[in-house]
Number of protein chains: 2
Amino acid sequence: MESRHLRYALALAEHQHFGRAAAALGIAQPPLSQQIAALERELGARLFDRTARGVFPTTAGEAFLARARRALAEMSAAVSDAGRAARGETGRLRLGFIGSALLELLPSVLGTFIRDRPEVRLGLQEMSTRRSTAALLAGELDLAIGRGAPRGAGAEDLVSVTVGRDHLVAVVGAAHPFAGQARVSLEQLKGQHLIVAPAEEEPTVAAWLAGLLGEGAEVPARAGGVTEAWDAHTIIGLASCGVGVGLGPACLRVAARPDVRVCEVSPRVELPELVMSFRAQDRSPVLAAFLDITRERCPGVAERLERHLGAR
Amino acid sequence: MESRHLRYALALAEHQHFGRAAAALGIAQPPLSQQIAALERELGARLFDRTARGVFPTTAGEAFLARARRALAEMSAAVSDAGRAARGETGRLRLGFIGSALLELLPSVLGTFIRDRPEVRLGLQEMSTRRSTAALLAGELDLAIGRGAPRGAGAEDLVSVTVGRDHLVAVVGAAHPFAGQARVSLEQLKGQHLIVAPAEEEPTVAAWLAGLLGEGAEVPARAGGVTEAWDAHTIIGLASCGVGVGLGPACLRVAARPDVRVCEVSPRVELPELVMSFRAQDRSPVLAAFLDITRERCPGVAERLERHLGAR
DNA sequence: CGAGTCGATATTCAGAACATATCGGCGGTG
DNA sequence: CACCGCCGATATGTTCTGAATATCGACTCG
């Protein structure tokens with residue numbers, strides 16, 4: 001039995017007339033008679049009563065037609081569902097990101113995405129760059145936002161584009177000696193207790209800092225001591241109560257509370273770029289849609305993406 | 001798109017391998033490749049990722065396959081539903097009957113039917129013979145049980161079989177002069193107030209009675225007076241409280257209460273037969289099943305039915 | 001009783017689905 | 001690094017089936 005039989009039976013039930021039903025189906029009358037007869041033979045049951053006043057379904061026909069309607073509805077739903085999934089209008093996007101991405105990049109991109117693709121289920125999880133890279137390679141994420149291009153095993157399977165640049169700023173409590181300064185020098189920082197992201201989780205940032213502060217070794221080994229904090233709000237909170245000098249990207253200003261001061265670091269120090277990564281072989285249309293929106297919003301991202309997508 | 005495409009896609013998703021899926025489908029590998037390709041072309045979306053480790057559905061493929069499974073399930077349900085309806089295992093039977101049918105005939109027949117065909121929805125409605133005949137012709141009933149073969153316009157479209165015979169008995173209260181008698185004569189009845197079924201609703205019975213009592217006219221015109229009662233229990237109730245002498249079929253004994261006496265009428269008077277009627281052109285398998293059961297239970301009905309059914 | 005309508009049947013034809021044979025690409029292996 | 005084997009895609013021929021045309025038989029209606 002093919003779905004054609006269902007369509008023919010439904011048309012016949014609707015028009016109650018072989019000739020008109022066949023015309024509505026775009027075929028001649030004899031093939032319709034044949035197909036209905038074949039269907040009835042296969043089922044071993046008469047589905048229609050041919051009377052002088054028209055063709056009417058039997059009890060068995062009624063039962064059959066009710067199911068047939070649902071079956072055809074499921075089939076057309078299969079087509080439309082597949083199409084929507086292929087166009088990225090539905091599906092799932094699992095996104096891992098570092099906290100600072102929540103300050104500037106994600107709010108606008110996510111807002112647009114949610115408005116454009118309301119039926120896409122979004123999975124959002126804040127995590128370190130290292131973890132998001134690993135999760136991406138393990139297939140647990142579809143997109144990762146972190147600092148610095150992913151490195152190490154498997155990184156060649158990922159595509160990364162720069163979606164933002166930041167320079168280093170220092171955050172101090174209002175009572176701190178630096179509070180009145182618009183800028184602090186690297187020399188000044190060397191004697192301070194520093195609040196930074198954990199070295200193991202953000203290796204790129206940690207390496208930058210270590211180099212910046214004139215040491216080849218780990219940041220935690222610095223004189224003056226180091227406190228590791230996982231996210232922007234913790235850094236700001238610790239700085240506000242005088243624990244030390246928080247160091248982080250300039251976008252920290254967005255989250256700055258009234259009781260802290262943000263100072264430029266002099267000379268200006270560029271941080272590893274905010275980088276968006278995804279699996280090179282990932283053909284998900286949802287991902288493509290998200291990248292499209294990112295492309296629109298972040299001029300300069302476009303070319304980098306084009307180069308990769310064009311190579312597919 | 002045909003259901004074949006759904007079956008092929010599901011097989012491919014199950015085996016994750018074109019060759020094995022084709023073997024499971026009983027076809028060669030090239031046609032499977034072709035049909036899947038045609039399906040993907042029609043949908044405008046890739047449904048499967050062909051990798052070195054196997055064939056896996058894409059996101060769109062997952063969405064499609066979920067619907068496809070349901071569609072095919074509906075199709076096979078359509079087949080089985082139609083088959084069950086055709087075999088009379090499901091469906092509906094609307095039955096109109098006179099009250100006395102509830103006393104002997106229906107209890108056993110209905111019991112068997114409900115046990116054999118639990119999924120058939122039964123519509124049971126007590127009504128007069130006249131009304132059940134009209135409802136049968138109007139298509140509001142599938143089967144009618146009454147007294148006397150239906151007559152009048154449309155009766156030739158009905159098939160009737162005798163399913164029971166009864167003779168007339170008289171029902172009186174325990175205090176009635178007849179109470180001690182085993183039998184009463186027609187002469188004795190002539191002076192009594194009688195309780196009978198309404199003439200308009202049970203014309204066959206009324207005609208019999210009128211003839212019996214030696215009058216060409218209507219029963220209500222009889223000296224002694226007449227009360228019309230619709231059902232057996234009312235006749236018995238009125239008789240028990242001394243309203244008069246109830247007249248009805250012998251099966252009234254089944255419903256007789258302790259405070260009434262049932263007397264044979266002498267000479268014995270045969271009542272119009274209990275008749276089961278249905279539309280001659282009704283091919284409903286549920287009706288056929290009900291008739292089968294009736295046939296098994298009522299010997300003698302068989303030949304009458306065979307004659308009709310054989311003529312189809 | 002003849003005309004008209006409707007569904008079934010017969011026959012032919014075209015297209016689609018399938019089978020056989022072969023090619024191209026990708027991994028694994030000596 | 002070349003070779004081999006596996007797998008899916010492609011090419012080509014064959015078969016089968018669904019559809020069109022022509023016609024028939026049954027029933028209705030004027």
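Everything numeric in this text was worked out from a predicted model, so none of it was measured. Chain letters run A, B, ... following the sequence lines, proteins first, then strands; residues in each count from 1. Side chains included, hydrogens not; waters and symmetry mates left out as well; all remaining heavy atoms used.
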For this session: Quick one, give me the B/S/- string for nucleotides 12-18 of chain C, reading 5' to 3', where B means a protein heavy atom under 4.0 Å from the base and S means that only happens at the primed atoms, P, OP1 or OP2.
Result: -----SB

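- For the salt bridge (Lys or Arg N to Asp or Glu O under 4.0 Å) test, no residue two or more places apart in sequence or in another chain qualifies with B:R117.
- Qualifying salt bridge (Lys or Arg N to Asp or Glu O under 4.0 Å) partners for B:R121, counting only residues two or more places apart in sequence or in other chains: none.
- Take B:T133 and apply the side chain to side chain donor-acceptor pair (under 3.5 Å) test, not counting sequence neighbours, and it matches no residue.
- Between the C1' atom of C:dC26 and the CZ atom of B:F18 lies a distance of 16 Å, rounded to the nearest Å.
- Every residue meeting the side chain to side chain contact (heavy atoms under 4.5 Å, CB included) condition with A:S3, not counting sequence neighbours, appears here in chain and number order: A:R7, A:L72, A:M75, B:E2, B:S3.
- Atom CZ of A:F56 and atom P of C:dC6 are 13 Å apart (whole Å).
- Listed by chain and residue number, nothing satisfies the salt bridge (Lys or Arg N to Asp or Glu O under 4.0 Å) test with A:E126 (two or more places apart in sequence, or in another chain).
- Note on residues 88-98 of chain B: pairs passing side-chain hydrogen bond (donor to acceptor under 3.5 Å, both in side chains), not counting sequence neighbours, are B:R87-B:E89, B:R94-B:D142.
- First and last contacts of DNA chain D with chain A, using any nucleotide atom under 4.0 Å from a protein heavy atom and ordered 5' to 3', fall at D:dG18 to D:dT28.
- For B:F113, the ring pair (Phe, Tyr, Trp, His ring centres under 6.0 Å) partners are B:F290, not counting sequence neighbours.
- The CD1 atom of A:I36 sits 14 Å away from the P atom of C:dT9 (whole-angstrom rounding).
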Under 3.5 Å, which donor-acceptor pairs link side chains of residues 8-28 of chain B to any protein atom two or more places apart or in another chain?
{"from": "B:H15", "atom 1": "ND1", "to": "B:A11", "atom 2": "O", "distance (Å)": "3.0"}
{"from": "B:H17", "atom 1": "ND1", "to": "B:G19", "atom 2": "N", "distance (Å)": "3.0"}
{"from": "B:H17", "atom 1": "ND1", "to": "B:R20", "atom 2": "N", "distance (Å)": "3.0"}

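- Remark: B:R50, B:V55 in residues 44-55 of chain B come within less than 4.0 Å of DNA chain D through at least one heavy atom.
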Problem set entry | Criterion side-chain contact (heavy atoms from CB on, under 4.5 Å) on A:L287 and A:R279, from CA distance to verdict | CA-CA 10 Å; A:L287 173 62; A:R279 289 184 296 278; over 6 Å; no

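- For residues 55-68 of chain B, the pairs satisfying salt bridge (charged side-chain N to carboxylate O under 4.0 Å, His left out) are A:E74-B:R67, A:D81-B:R67, with sequence neighbours left out.
- Taking only side-chain nitrogens and oxygens, A:S33 never comes nearer than 4.0 Å to OP1 or OP2 of C:dG7.
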